[in-house]
Each structure stands twice: as C-alpha cells, then as structure tokens.
Protein chains: 2
Amino acid sequence: MTSPPQADPSGSAAKLVRSIPEATVARLAVYLRMLGELAEQGAETVSSEELATATGVNSAKLRKDLSYIGSYGIRGVGYEVASLHHQIERTLGLDRQQAVALVGVGNLGHALAGYSGFGGRGFPVAALFDVDPDLVGIHINGIVVEHVRDIPRVCAERGVTIGMIATPGPAAQSVCDQLVRAGVQCILNFAPVVLQVPEQVEVRKVDLAVELQVLAFHVARRRAGDASDTVVAPSVANGVRDGVHVTNGSAVLPR
Amino acid sequence: MTSPPQADPSGSAAKLVRSIPEATVARLAVYLRMLGELAEQGAETVSSEELATATGVNSAKLRKDLSYIGSYGIRGVGYEVASLHHQIERTLGLDRQQAVALVGVGNLGHALAGYSGFGGRGFPVAALFDVDPDLVGIHINGIVVEHVRDIPRVCAERGVTIGMIATPGPAAQSVCDQLVRAGVQCILNFAPVVLQVPEQVEVRKVDLAVELQVLAFHVARRRAGDASDTVVAPSVANGVRDGVHVTNGSAVLPR
DNA sequence: AGCCGCTTGTGAACGCACGCACAAAGTTGC
DNA sequence: GCAACTTTGTGCGTGCGTTCACAAGCGGCT
C-alpha cells in the first residue's frame with residue numbers, strides 16, 4: 001500500500017510482502033505461468049493489456065495486483081517478461097524449492113503423486129504416506145510410500161514444509177494433526193472435512209464435489225429460467241469479456 | 001439481473017433460485033454434506049450454531065445463507081435435518097442426476113474417473129474421452145474410454161450436462177469447444193489455461209499448481225516475517241475461530 | 001531538444017460479502 | 001395461560017476487492 005520507495009535490499013522479499021490480498025496472490029501465480037510461456041515464446045515485454053487478456057482478468061486489476069509487489073513496469077512500454085517473472089517468483093517464495101508430503105495414496109492421491117505439474121513447478125513431492133499395508137512400501141514415481149505413523153520422522157528428515165491430504169474424510173483430522181506435529185506449515189486439504197489446526201498453520205481446501213455441485217446449481221438455474229429472465233446474482237467472480245463468459249473457479253469453502 | 005418478481009411456473013425451484021450469491025452456493029454444498037452425515041447419525045434437528053461450527057462458518061452467515069433459499073427453520077428449535085437437506089438439494093439442482101463427461105484420462109483424469117465422491121453424490125461419470133490410442137477402448141470403473149472426436153455423439157446419447165477437462169493445457173481449448181458443441185452447459189476445468197466459451201456456458205477452474213503456490217507464499221511470508229510484525233492482509237477468507245485458524249480454500253482464478 | 005502517443009500506477013467510487021446485534025417467533029416450564 | 005428461554009431471520013455498519021478514470025512517466029519521432 002503505502003510502501004516507501006526502496007531498492008530491494010538483498011535476501012528475502014520481506015518488506016514487499018506486506019499486505020498482499022489473498023485474491024491477488026492467487027492471480028499472481030496465474031500471471032507467473034503465463035509469463036513463463038511468454039518467455040519460452042521469446043517475448044521480451046508484455047503490456048498489462050496483453051497479459052490481462054491472456055490470463056482472463058481486467059487489465060486494471062492486473063496492474064493493481066502487480067503494484068502490490070512493486071513498480072517493475074516501464075511506462076509506455078509494458079513489463080519486461082523475464083524481470084517480472086523473477087519478481088513474482090520471489091514474492092511467492094518460489095525461489096526456493098518447497099518439499100511436499102502427500103498423505104493418502106488412494107485414487108486421487110496416486111494421481112497427485114504422479115502429477116507432473118508439481119515437481120515441475122518447484123514443488124517436489126518428497127514423501128508419500130498411507131495406512132494401507134498394501135500400499136506402504138510400493139514406489140510411485142521413484143518415491144516409496146511410508147506408513148502414516150512415520151510422518152514426523154520422515155518429514156523432518158526431508159525438510160517438508162507443505163502437506164497435502166488426500167485421505168478419506170474420517171482419517172483427515174488425525175493425519176492433519178500428525179503433519180502439524182511434524183512441523184508442516186501449510187496444508188492443502190482434499191478431504192471433505194473442516195480441519196482444526198493451530199493458528200500458525202495455514203489450511204487451504206479443494207473440494208471437488210462442491211465444485212460439481214456449484215456447476216449443477218448453474219445447470220438447474222439455467223433450466224429453471226429457461227425462457228425467463230431469472231438470473232443469479234452475477235457476483236464478483238463472473239463477467240463477460242469480448243463476448244466470452246468466464247466464471248472463475250473458486251474451490252471456495254467455509255470461512 | 002433486475003428480474004421481476006414472478007411466481008414459479010411449474011415444479012422447478014425457479015423463484016427461490018433468484019439471486020443467490022456464488023459464495024453462498026458453494027457453502028450450501030458444504031452444509032448439504034454435513035446434513036447428510038447428521039441424518040446418518042440419526043439427528044432430527046440442528047441449530048444454526050451447531051451446523052455452523054461443524055462446517056467451519058459463522059452462524060450468522062449460515063443463517064443468512066439459508067435465508068436465501070427460504071425460511072425452513074423453526075425458531076427456538078433449529079432446522080429439521082431431513083427437510084433442510086431436501087431443500088438445499090432441490091436448490092442446487094441435485095434432485096436429478098447430472099451426467100458428467102470427463103475428457104483426458106491421464107494421471108489426474110484417471111483418478112477423477114475412479115473418484116467415488118462423484119457418482120456417490122449424484123454425478124455419475126457417464127462418458128470418458130481421450131485422444132491417446134492406448135487409452136481409447138480401455139475400461140475404467142465399467143466405462144469405456146471413447147475417442148475425443150466422438151464427444152458430440154456420445155454426450156448427446158447419454159444426456160451429458162457437465163464436462164470435466166483434465167487434459168494437458170494445449171489440448172484444453174479444442175476439447176472445450178467440442179464439449180460446448182455437444183451441448184454441455186457447465187465445465188469444470190483442471191487444465192492450466194483460460195477457456196474461451198460462449199456466454200451461456202459456465203466454466204469453473206481448479207488449478208492445483210496455483211493452490212500450492214499460494215501456500216508457498218504463506219510459507220515464505222512466515223519465514224520472512226518470522227520475528228517481525230510483517231503480516232499479510234487477513235482477507236475475507238481467513239479467520240480465527242476457537243483458537244483454530246482455517247484459511248479457506250479458493251481454487252480461485254482470474255476473473 | 002521538444003512534442004506526441006502509449007502504458008503504467010493509483011486515487012476514488014462502487015458493490016459485494018461478512019458479522020454484529022436485535023427483534024420476531026416459537027417452545028418449554030410452571 | 002403466561003413468562004422465560006431459545007433460536008431464527010435480517011437490517012445495518014464495516015471492510016475488502018474490483019473497476020473506472022486520469023495523471024505521471026517513458027520512449028520514439030521529427
């Protein structure tokens with residue numbers, strides 16, 4: 001906000017990180033990916049307009065988002081792709097690798113373990129856990145599945161900072177407690193339960209069933225208001241752009 | 001938008017559905033699940049306070065959410081579990097099954113196809129598609145994988161209303177176009193791209209890499225502001241409740 | 001060097017959503 | 001039947017997030 005003008009010192013992105021809205025952080029990640037693609041295509045600079053269109057946001061919003069991390073644009077020109085990429089990376093803390101532990105190697109967990117989108121983006125899956133004796137011991141993508149009871153030891157050994165929970169609902173809370181005890185700071189929860197964690201631990205929830213149910217609602221609404229003008233409140237997340245309707249996702253959830 | 005008041009024509013949940021905030025819709029799905037569990041446990045009624053605590057929201061917010069779908073509570077008592085469950089189900093359009101088509105049976109897609117959370121909640125996966133000749137023809141959970149080129153025909157035959165895209169990024173847009181042509185009304189997109197769709201089609205995006213990057217940001221912030229007072233803006237989605245810190249998920253995305 | 005056009009960065013207004021707090025309404029006990 | 005208690009439903013204030021619109025700044029052209 002009222003950040004005093006300053007050249008970046010050295011190490012961490014400390015001062016700059018003050019007070020970035022959560023919604024902005026999420027979008028920064030999207031910009032980052034697009035910047036990576038642009039860099040591959042050999043682009044030197046992008047204007048806010050171009051980057052905004054490519055990522056599906058309003059250009060003013062994009063500029064405001066970027067303003068939270070500093071003034072790295074050149075007026076009359078745009079943003080230097082490589083430089084901006086680097087700045088966002090630094091802000092999001094992606095300049096160092098974050099080891100991820102995944103608990104629950106069932107259906108979804110197995111897929112997540114093999115998902116290349118993680119390791120390729122600075123989140124190597126460093127540990128896998130399950131309780132099923134048939135699963136403990138097998139290898140997935142070169143990583144052996146350990147028993148849940150070893151979470152504290154293994155996580156400590158491998159410097160895990162982020163946990164992902166892909167267990168059935170009933171097991172999630174106890175697994176979560178284990179992860180917290182192991183010093184994990186952030187948890188991505190795929191289980192359909194509300195996790196109780198100490199204040200300093202961040203939980204983020206992805207609920208696939210909820211996503212579908214929200215879509216089902218829209219189908220129903222459409223059917224109901226078929227020939228009528230009954231319309232749901234547009235809400236912040238919707239919008240029409242270039243004749244293109246893109247309701248953004250929001251895995252959303254309570255609280 | 002400015003929909004004139006109107007009595008519901010036939011059976012559908014038309015007038016109740018007028019103008020429910022998107023955020024509320026997502027939470028209704030969460031309430032619904034908890035109500036299901038409560039019903040299994042034999043509960044007859046719940047108070048807003050109980051249901052709110054169980055789902056991790058503020059009780060006032062919960063009551064306001066429920067007020068959007070009507071007044072089904074009993075003052076001094078609470079809500080009748082079965083009745084409320086039914087009302088929410090109706091509002092979300094879950095009283096009829098929605099056939100889902102899944103395109104992309106790779107890592108993630110395969111898991112989604114086998115995910116019991118869908119079929120069990122009124123979203124039977126009715127069709128699977130891929131372009132890989134090695135995958136076309138195989139069976140997953142009793143469903144044969146068809147070629148992407150047959151999307152229009154198969155979707156029409158099986159009455160698919162919702163599409164899920166779990167392909168690599170580059171393939172997503174063309175697959176999306178196919179689904180739209182097949183009459184799919186809503187799309188859940190797991191591919192890391194912004195889809196362009198006609199206005200009447202709803203897109204919801206789930207981006208796992210973004211989720212992790214948001215978490216990484218929180219780890220970095222924590223490390224940076226270790227002994228300082230550097231704090232991120234709490235944002236609407238965070239909160240402390242009973243000494244429990246639960247930042248909600250938000251698969252979020254642009255727009 | 002000076003002007004022109006383009007793009008950034010941001011002040012200000014708007015709108016949604018959240019949460020408080022209370023009135024309305026129903027229930028239980030006497 | 002009345003009083004006290006419980007719980008819903010909601011009007012209102014507040015804060016965050018989005019959007020508009022414009023001044024400030026930079027590069028290129030003459």
Side-chain angles (χ1 to χ4, degrees), chain A residues 1-3 5 19-28 31 44-53 56-80 83-84 87 232-241 246 248 250 252-255, chain B residues 1-2 19-28 31 44-53 56-80 83-84 87 231-241 246-248 250 252-255:
Chain A
M1 296 281 181
T2 32
S3 59
S19 166
I20 300 182
E22 185 93 1
T24 292
V25 173
R27 282 192 299 266
L28 284 176
Y31 306 151
E44 294 273 322
T45 60
V46 241
S47 70
S48 62
E49 189 61 43
E50 292 167 329
L51 189 54
T53 312
V57 299
N58 180 295
S59 72
K61 197 194 309 196
L62 181 140
R63 288 197 298 276
K64 182 149 280 185
D65 285 342
L66 295 183
S67 77
Y68 285 115
I69 67 174
S71 291
Y72 298 109
I74 308 163
R75 294 173 190 233
V77 178
Y79 300 87
E80 202 200 325
S83 156
L84 186 57
Q87 291 303 337
V232 84
S235 121
V236 208
N238 301 353
V240 176
R241 195 174 32 79
V246 180
N248 94 340
S250 182
V252 166
L253 258 297
R255 225 13 152 111
Chain B
M1 296 286 173
T2 32
S19 165
I20 300 181
E22 186 92 0
T24 292
V25 173
R27 284 191 297 268
L28 284 176
Y31 305 151
E44 296 272 324
T45 60
V46 242
S47 70
S48 63
E49 191 61 42
E50 292 167 329
L51 189 54
T53 312
V57 299
N58 179 295
S59 70
K61 197 195 309 197
L62 182 140
R63 288 197 298 276
K64 185 154 284 187
D65 285 343
L66 294 183
S67 77
Y68 284 113
I69 67 174
S71 291
Y72 298 108
I74 308 164
R75 295 175 190 231
V77 178
Y79 299 85
E80 202 200 323
S83 156
L84 186 57
Q87 291 302 337
V231 172
V232 85
S235 120
V236 206
N238 300 353
V240 176
R241 197 174 30 81
V246 179
T247 296
N248 96 310
S250 184
V252 169
L253 260 295
R255 232 0 160 124

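As the structure is a prediction and not an experimental result, all values here were calculated from the model. Order of the sequence lines fixes the chain letters, A, B, ..., with proteins taken first and strands second; residue numbering starts at 1 for each chain.
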Measure across [X] and [Y] and return the closest heavy-atom pair with its distance rounded to 0.1 Å.
| X | Y | value |
| --- | --- | --- |
| A/Val57 | A/Arg27 | CG1-CD, 3.9 Å |
| B/Ile20 | B/Ile69 | CD1-CG2, 4.1 Å |
| A/Ser59 | A/Ala52 | CA-CB, 3.5 Å |

In this structure, how many angstroms lie between the [atom2] atom of [N] and the [atom1] atom of [X], rounded?
| X | N | atom1 | atom2 | answer |
| --- | --- | --- | --- | --- |
| B/Leu51 | D/dT6 | CG | C1' | 17 Å |
| A/Leu66 | C/dT7 | CG | P | 16 Å |
| B/Leu62 | D/dT10 | CG | P | 14 Å |
| B/Glu50 | D/dT6 | CD | P | 14 Å |
| A/Gln87 | C/dG9 | CD | C1' | 16 Å |
| B/Leu84 | D/dT7 | CG | C1' | 14 Å |
| B/Asp65 | D/dG9 | CG | P | 12 Å |
| B/Glu22 | D/dG17 | CD | C1' | 16 Å |

Between [N] and [X], is there an OP1 or OP2 to side-chain N/O distance shorter than 4.0 Å?
| X | N | answer |
| --- | --- | --- |
| A/Ser48 | C/dT7 | no |
| A/Tyr79 | D/dC26 | no |
| B/Lys61 | C/dG19 | yes |

5'-most by nearest nucleotide on DNA chain D - A/Val77 or A/Arg63 = A/Arg63

request  = Starting from the 5' end of DNA chain D, give me the residue, A/Ile74 or B/Ser71, whose nearest nucleotide shows up first.
outcome  =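 By nearest-heavy-atom nucleotide position, the 5'-most residue is B/Ser71.
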
ask   = In a check of side-chain contact (heavy atoms from CB on, under 4.5 Å) between A/Tyr31 and each of A/Leu62, A/Val46, A/Thr24, which one passes?
value = A/Leu62

Options [options], nucleotide nearest the side-chain atoms of [X]:
| X | options | answer |
| --- | --- | --- |
| B/Lys64 | D/dC12, C/dT8, C/dT27 | D/dC12 |
| A/Asn58 | D/dC20, C/dG26, D/dC26 | D/dC20 |
| A/Arg75 | C/dT7, C/dC18, D/dT7 | C/dT7 |

query = Between B/Thr24 and B/Gly76, which is nearer to the 5' end of DNA chain C once each is assigned its nearest nucleotide?
reply =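 So the residue in question is B/Thr24.
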
ask   = How many angstroms lie between atom CD1 of A/Ile74 and atom OH of A/Tyr79, to the nearest 0.5 angstrom?
value = 10.5 Å

